[in-house]
Enquirer: 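Once you've had a glance at the structure underneath, I'll fire off some questions.
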Amino acid sequence: MFMKQTKVLLILTIVLSLLALASACGPKTPSGPDGGGTPAPNAKKFAPKGNEGSISGAVAFTGTPPAPKKIATDADPACGQKNPNLSTEDNLVTNGKLGNVLVYIKEGTLADGTKIGEWTFDTPSTTLTLDQNGCHYKPHVSAVMVSQKLTITNSDPTQHNIHFTPKNNPDWNQSQPNGAAPLSHSFARSEILVPVKCNQHPWMKAYVAVLKHPFAAVSAEDGSFSIKGVPPGAYTVVAWHEGGATGTEKTMQVTVPASGSATADFAFGDAATASGNPSLQMMPALEFPMLSRH
Amino acid sequence: MKIADRQSQFGNMNRGVHRFALLLAGATFFLIIAGALVTSHDAGLATSDWPLSNGQFFPKMVGNLFWEHGHRMVATTVGFLTVCFTVYLYWEQICNWLYRRGLIRSAPVYRGEPRRWVRRLGAIALGTVIAQGLLGGLTVKLNLPLVVSAAHATLAQLFFCTTVSLAVFTSRSWLKDQPTMEEQGSLAVRYVCIAAAATIFLQLIIGATLRHSATWDQPLPTDLLLTHIAGAIAVTVLLGTTAVLILRRHGGETFLTRPAKLALSLLAVQLFLGIAAYITRVASPNDPQPLNPMVGITVAHVACGALVFATTIILTLRTFKVLRANAASFEFATAERKLKLEL
């Protein structure tokens, strides 16, 4: 009698756990401001006409920026020895200007009336290098095009572990001991933005934007940025700054004249509210990850 | 004193087997803590290969590799202990098999575990720990998919429950003749215990899924968090009812009241730890993570959850050992069966 009841209990619990775990299976939903990575079916190849312009500007930080916090590197003495002042780099503020802000064209219409999404652009032959140096990533924020080669190097005297955690692209995780050869990677689909982390050193993080076009830049320490080679047209330009779970976005409409320049100045921080779209949610919209993830 | 005499000192109790079972359960509990530390440090992918770490048996234990490789070492030890324990249980059968084939000269003196169902439970434990090891490797190779990671965490609790059950079944208190009692009242304590254990198990699955759904740099999924809170309420109601029923109906039976009181105390600690774990997680979102208070309290929450489950399992097993359906229900069931047969 007892054994029979135990068996029934065991079977019941196993069945329930399997049902609960099985419910976690589901299709991944592609997301991102500029959609998936597959180009439109009738996409045309873009060829520069010589009348391209540029979008430039500066990103400001209004209010008092949070002070960088020192990172405890006791877990790996090699990090502390190489970079004794390692601190958080969420807010790179210099004289009221904000660095490490991604600025990119989200959508827009060219002067000939076509949408930018109707065009395909050549993948740059240049390689973006993401270096692990002093137990943090350099650059902290960067942008590449779909299929553009990304090289990951380890300049530290310790082992690292590079882990891209995208939503639209496959997860990618590789260990890279000190002295190991550079690793290469590229993304097949566009995605704003792919978080990068090191599971070896949990404070290390970076962001890589993957775009279908080359019109993106990252603000320098003085907050300045410049996007060159932009065909004349009217565009929605987005500035993205990290913070919280998904960062904060600001949008702006700009018109690029033929062979001219458009200005787009952004502001983040406590006092910056214009056109802001904070996407950090401590209590996000109702969702069941067991029903939607993976 | 001869081995056989020692075995018969408390009925069929084999102290060696019981102590080994306790050692295995203790090591498994430590393994659960080691696994929770891996999750709290987001160290599961500190190395991308498995079973080696960065291609080595013993890599330099720096950064998060300390937690991940440390977890693998503890897991290997538990696996080895489980193999030894299973061999210990089947010692007589193994020796007889070897003796029949002429591989050893004499029949075994040591009897091993005489009860076949206990030996089989040991074999189930061995199968579970092997499956758990493979699941651990799979979750690393697949970059920690939620379903595999949650299954790994859940199977860990089931394995712990199995080792605790083995310790119970080989204990002196289990083997000693315990007076049986009739269930009192319409609500059978045994079935309330089962309901409490099953609810705790489901709560452990929800907790494991919640933990693996978001690392500290991401917000917790609200609905899953609310489900976990609802689960905590359900567990409190069921386990509280179980303890109250036992204390009221069988207050003089320490065989039942001890685990009931312990489970209730652990539940109170667990509820406190759950609230503290949430507060420490959301308290300093802009500080470099993971912070030690968050890690410590969250790991304690996982460990205490395992203890609540184990204690409830012990309580459930003990209620089934000493409680029987009361005469009225037995007569009613017999009459019902007769009526069905007649119809």
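Naming: A, B, ... by sequence-line order, numbering from 1 per chain.
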Enquirer: So which part of A/N173 gets closer than 4.5 Å to some heavy atom of chain B, the side chain, the backbone, both or neither?
Expert: both

Enquirer: Please find the pair of heavy atoms, one from A/P202 and one from B/H41, that lie closest to each other, and give the distance.
Expert: CB-O, 4.3 Å

Enquirer: Please find the pair of heavy atoms, one from A/N161 and one from B/L45, that lie closest to each other, and give the distance.
Expert: ND2-O, 2.8 Å

Enquirer: Less than 4.5 Å to any heavy atom of chain A: does that hold for the side chain of B/D42, its backbone, both, or neither?
Expert: both

Enquirer: Is a donor on one side and an acceptor on the other found under 3.5 Å between the side chain of A/D76 and the backbone of B/V62?
Expert: no

Enquirer: So for atom CZ, which belongs to B/F66, do other residues, nucleotides or ligands contribute more than 12 heavy atoms lying within a distance under 6.0 Å?
Expert: no

Enquirer: Of the backbone (N, CA, C, O) and the side chain (C-beta and beyond), which part of A/T165 lies under 4.5 Å from a heavy atom of chain B, both, or neither?
Expert: neither

Enquirer: With a 6.0 Å cut-off (strictly less than), is the heavy-atom count around NZ of A/K149, excluding the residue itself, greater than 12?
Expert: no

Enquirer: Tell me the closest heavy-atom pair linking A/Q159 and B/K60, and the distance in Å.
Expert: NE2-O, 3.3 Å

Enquirer: With a sphere of 6.0 Å drawn around CD of B/Q56, does it hold more than 12 non-hydrogen atoms of other residues, nucleotides or ligands?
Expert: yes

Enquirer: Specify which of A/H201, A/K69, A/H163, A/Q200 makes the most heavy-atom pairs with chain B at under 4.5 Å.
Expert: A/Q200

Enquirer: Taking all heavy atoms of B/S48 and all of A/S175, pick out the closest pair and write down the distance.
Expert: N-OG, 3.0 Å

Enquirer: Chain B heavy atoms under 4.5 Å from A/K70: which part of the residue, side chain, backbone, both or neither?
Expert: backbone

